[in-house]
A.B. asks: 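Mind having a look at this structure? Questions to follow.
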Number of protein chains: 2
Amino acid sequence: MKDTRWLSEIELDAWMAYVAATHLLERRVEEQLKADSGLTHAQYEILAKLSASPERRMRMTELARKVVVSKSGLTYQIGQLEKLGLVERTTCPSDERGVLAVLTDEGVRCLERTAPGHVAVVRAFLIDQLTPEELQAMARIMSKAAAVMTAAPGHSTEAPARRRGTGRRTAPG
Amino acid sequence: MKDTRWLSEIELDAWMAYVAATHLLERRVEEQLKADSGLTHAQYEILAKLSASPERRMRMTELARKVVVSKSGLTYQIGQLEKLGLVERTTCPSDERGVLAVLTDEGVRCLERTAPGHVAVVRAFLIDQLTPEELQAMARIMSKAAAVMTAAPGHSTEAPARRRGTGRRTAPG
DNA sequence: AGGGTGTAGTTCAAATTCGAACAACTAGAA
DNA sequence: TTCTAGTTGTTCGAATTTGAACTACACCCT
């Protein structure tokens, strides 16, 4: 853990701009969704994933993995969406413990009603700012990063990961 | 607000990968910081901004703007960091209402102790995944986006924005 | 000077998120 | 079959974040 490779100027620029842009964009998206449909970004993402899924339904754990949220976080939001009548819970036919989150017709309508405004914000502040080359680069960069993080071990949302062999996880304070 | 320009396949790819990567990265960063130093990412960002500031101090409002967090959110976190002895509050000499957040020596040490592990994560999952061209592209893209969002009106953190002329803000439910 | 408008930070209640603990069920080995 | 380990989803408490309301102060105009 010695002689750290610090970030070069360009690397630091890229990182700091990324962090700032991410927070700013999240604010904008959140603002637009709340004003336009009362949804949060997390809720919109859930509806979108369900909408793109076969039969418009998905197992809780898989959905949590796709939207990158904790299992308990998903339980909470599905509860909210259920109250709103946008999603229903069904017990999984093949697995008695399983729960399927199903997008309702009302959910589909809500999504269709909400999507245009959402896309407009994403375009205005990000997509439409980019040249075709930059768009390609962005897709490549983010896909690569996502792939690496999905592959690498260490998710807290994952299995308890009983320690074997060299269990060097949580360092001293 | 009709005939929406939907996202093309590449645009959708870029956006979805971006959203996923962002959440995944936030998880990793948060995980590492908590395990290694007990700090949250928000706290780390505050310390970092203060550290890079002249005299290692900054006005609350400016700091909130730089780390892209609400004023009340910053008040809370500065309170936490004060408890930990990493930051101190000083009344601003030039403005009686103002508060200066000042990084303490302990705060500097904490940051120096924590930075290597943090940088390692940022490198491993993002920076080191990129070619030099992609790094350049990333810096350009994110700077552009951040600039646009900083310039465009509509921050809720900003002034109350008394309505004049065409006051068409919050749409009907 | 006197007033009115705007700004700086904090307080407050509500919403959301996470991780750990838990209960129910599945699946592979003995 | 029976036992044991692993999964699945929920519940719980704690921490964090936000926007609105509020107090104190600063600045401009007459």
Side-chain angles (χ1 to χ4, degrees), chain A residues 23 26-31 33-35 38-46 58-65 67-84 89-101 154-162 164 169-170, chain B residues 23 26-31 33-35 38-46 58-65 67-84 89-101 154-162 164 169-170:
Chain A
H23 288 166
E26 185 60 20
R27 266 178 182 288
R28 297 292 188 155
V29 166
E30 209 70 67
E31 179 180 42
L33 283 175
K34 180 160 323 189
L39 293 175
T40 66
H41 192 198
Q43 291 169 347
Y44 183 93
E45 289 186 78
I46 290 170
M58 215 183 300
R59 288 288 292 270
M60 294 293 282
T61 297
E62 188 187 353
L63 186 51
R65 197 166 40 72
V67 300
V68 190
V69 77
S70 66
K71 286 185 300 172
S72 52
L74 182 62
T75 292
Y76 174 77
Q77 284 300 6
I78 291 293
Q80 297 298 304
L81 292 171
E82 218 173 8
K83 279 188 203 164
L84 296 174
R89 267 185 244 247
T90 310
T91 57
C92 181
S94 63
D95 188 336
E96 190 61 28
R97 336 164 258 185
V99 171
L100 283 168
H155 285 277
S156 53
T157 306
E158 300 297 324
R162 66 283 165 78
R164 289 184 309 179
R169 283 294 161 75
T170 56
Chain B
H23 288 165
E26 186 61 20
R27 265 178 183 288
R28 296 294 188 153
V29 166
E30 209 70 67
E31 178 180 44
L33 282 175
K34 179 161 323 189
L39 293 176
T40 66
H41 192 198
Q43 291 169 346
Y44 183 92
E45 289 185 78
I46 290 170
M58 214 182 302
R59 287 288 291 269
M60 294 293 281
T61 296
E62 189 188 354
L63 185 52
R65 198 166 39 73
V67 299
V68 191
V69 78
S70 67
K71 286 185 302 173
S72 52
L74 182 63
T75 293
Y76 174 77
Q77 284 299 4
I78 291 293
Q80 297 298 303
L81 292 170
E82 218 173 6
K83 281 188 202 165
L84 296 173
R89 266 187 244 247
T90 310
T91 57
C92 181
S94 62
D95 187 338
E96 190 62 27
R97 349 166 246 181
V99 171
L100 283 167
H155 285 276
S156 53
T157 306
E158 299 297 324
R162 66 283 167 81
R164 286 184 312 178
R169 284 296 161 74
T170 55

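Each chain gets a letter, A, B and so on, in the order its sequence line appears, and its residues count up from 1. What you see is a predicted model; the values in this text were computed from it and never measured.
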A.B. asks: How many Å lie between CZ on B:Arg65 and P on C:dG9, as a whole number?
C.D. replies: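 Going from B:Arg65 (CZ) to C:dG9 (P), I get 11 Å.
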
A.B. asks: From A:Met60 CE over to A:Ile78 CD1, what is the distance, rounded to the nearest 0.5 angstrom?
C.D. replies: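 That separation rounds to 5.0 Å.
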
A.B. asks: Which of these nucleotides, C:dC18, C:dT26, D:dT18, is closest to any side-chain atom of A:Ser70?
C.D. replies: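 For A:Ser70, the side-chain atoms sit closest to C:dC18.
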
A.B. asks: Could you tell me the separation between the CD atom of B:Glu96 and the C1' atom of C:dG9, rounded to a whole number of Å?
C.D. replies: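 That distance rounds to 13 Å.
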
A.B. asks: Expressed in angstrom and rounded to an integer, what is the separation of A:Ile78 atom CD1 from C:dT16 atom P?
C.D. replies: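 Those two atoms, CD1 and P, are 13 Å apart.
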
A.B. asks: With sequence neighbours left out, write down each residue that passes salt bridge (Lys or Arg N to Asp or Glu O under 4.0 Å) with B:Glu26, or none if nothing qualifies.
C.D. replies: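 Partners of B:Glu26 under the salt bridge (Lys or Arg N to Asp or Glu O under 4.0 Å) test: none.
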
A.B. asks: Roughly, in whole Å, what's the span from CD in A:Glu26 to P in D:dT17?
C.D. replies: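 To the nearest whole Å, that distance equals 13 Å.
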
A.B. asks: Under the criterion side-chain contact (heavy atoms from CB on, under 4.5 Å), which of B:Asp95, B:Leu63, B:Thr91, B:Thr90 is the partner of B:Leu100?
C.D. replies: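 Exactly one pass, corresponding to B:Thr90.
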
A.B. asks: Using whole Å, report how far CG of B:Leu84 lies from P of D:dA15.
C.D. replies: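 Roughly 12 Å, once rounded to whole Å.
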
A.B. asks: Nearest whole Å is fine: how far is D:dA15 P from B:Lys83 NZ?
C.D. replies: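 Roughly 8 Å, once rounded to whole Å.
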
A.B. asks: What nucleotide among C:dG19, C:dT17, D:dT16 has an atom nearest to a side-chain atom of A:Gln77?
C.D. replies: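 Nearest to the side chain of A:Gln77 among the choices is C:dT17.
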
A.B. asks: What's the verdict on side chain to side chain contact (heavy atoms under 4.5 Å, CB included) for A:Gln77 and A:Val69, showing C-alpha distance, side-chain angles and the deciding distance?
C.D. replies: CA-CA 10 Å; A:Gln77 284 300 6; A:Val69 77; over 6 Å; no

A.B. asks: Could you tell me how far apart B:Glu30 (CD) and D:dA15 (P) are, to the nearest whole angstrom?
C.D. replies: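 After rounding, the reported distance stands at 15 Å.
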
A.B. asks: Looking at B:Thr40, is its backbone amide N or carbonyl O close enough to the side chain of B:Gln43 to form a donor-acceptor pair, meaning the two atoms are under 3.5 Å apart?
C.D. replies: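 Yes, because the side chain of B:Gln43 sits within donor-acceptor range (under 3.5 Å) of the backbone of B:Thr40.
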
A.B. asks: So how far is it from A:Glu82 CD to A:Thr75 OG1, rounded to the nearest 0.5 Å?
C.D. replies: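 Output value for this atom pair is 10.5 Å.
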
A.B. asks: Scan A:Gln80 against the nucleic acid and name what it touches under 4.0 Å (heavy atoms): base, sugar-phosphate only, or nothing.
C.D. replies: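 Sugar-phosphate only.
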
A.B. asks: Given atom CD1 of B:Ile46 and atom P of D:dT16, what is their separation to the nearest angstrom?
C.D. replies: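 Between P of D:dT16 and CD1 of B:Ile46: 11 Å.
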
A.B. asks: Tell me the closest heavy-atom pair linking A:Ser70 and A:Ala64, and the distance in Å.
C.D. replies: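 Scanning both residues, the minimum pair turns out to be O-CB, 4.4 Å.
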
A.B. asks: Set out, line by line, the N/O atom pairs under 3.5 Å between protein and nucleotides 8-12 of chain D.
C.D. replies:
from	atom 1	to	atom 2	distance (Å)
D:dT8	O3'	A:Arg59	NH2	3.4
D:dG9	OP1	A:Arg59	NE	2.9
D:dG9	OP1	A:Met60	N	3.4
D:dG9	OP1	A:Val99	N	3.2
D:dG9	OP1	A:Val99	O	3.3
D:dG9	OP2	A:Thr61	N	2.9
D:dG9	OP2	A:Thr61	OG1	2.1
D:dG9	N7	A:Lys71	NZ	3.3
D:dT10	OP1	A:Arg89	NH1	2.3
D:dT10	OP2	A:Thr75	OG1	2.7
D:dT10	OP2	A:Arg89	NH1	3.4

